[in-house]
Every structure is written in structure tokens, then in C-alpha cells.
Amino acid sequence: MFKCAICKSKMSKDNINKVGIQCDNCGAKIFYKERPNVKKVLKAR
Ligand SMILES: [Zn+2]
């Protein structure tokens, strides 16, 4: 998942075309990579 740097809308990899990745919303080409939530939960016994 990518996040648009301008309008913060989420983009999937389907939006990547030949030119690169472009926001459907605002047409920006600056994106942040969004990491999936990988949280380690440690349970104390
Ligand atoms: Zn955007």
C-alpha cells in the first residue's frame, strides 16, 4: 500500500502504470510506503 503525500489517500499497487505511480485523487506522484501493521504482542504469563 502507498499513501499519497498530498491528499493522504491510499493507493494500491494497481495504480502503478508505465510512468510510475500517480494519485487518482490529486495527480501527485509523491507517495509514502505504508507498512502493514506488524506488531509484536508479547503476553506475559
Ligand atoms: Zn493524492
Side-chain angles (χ1 to χ4, degrees):
M1 279 295 243
F2 294 94
K3 215 176 193 182
C4 176
I6 310 297
C7 67
K8 317 285 191 205
S9 70
K10 283 179 185 176
M11 290 284 130
S12 66
K13 284 184 179 175
D14 297 339
N15 288 78
I16 302 175
N17 53 31
K18 282 179 192 172
V19 192
I21 187 168
Q22 191 169 18
C23 178
D24 266 348
N25 235 17
C26 64
K29 287 177 181 175
I30 308 160
F31 285 88
Y32 296 118
K33 257 187 194 175
E34 194 168 78
R35 292 180 194 175
N37 284 343
V38 184
K39 259 190 183 177
K40 277 187 182 177
V41 181
L42 294 180
K43 276 186 181 177
R45 291 184 184 178

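Counting starts at 1 for both ligands and their atoms, following the listed order. Please read all numbers here as calculations on a predicted model, not as lab measurements. In this chain, residues are counted from 1 in sequence order. Note that these values count all heavy atoms, side chains included, but never hydrogens, waters or copies made by symmetry.
- Taken from CD in Gln22 to CZ in Phe31, the straight-line distance is 7.5 Å, to the nearest 0.5 Å.
- The structure places CZ of Phe2 at 5.5 Å from NZ of Lys33, a figure rounded to the nearest 0.5 Å.
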Does the side-chain contact (heavy atoms from CB on, under 4.5 Å) test come out yes or no for Met11 and Cys23, once each step is laid out?
CA-CA 7 Å; Met11 290 284 130; Cys23 178; 4.0 Å; yes

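- Each protein N, O or S atom less than 2.8 Å from the Zn ion (ligand 1) was counted, giving 4.
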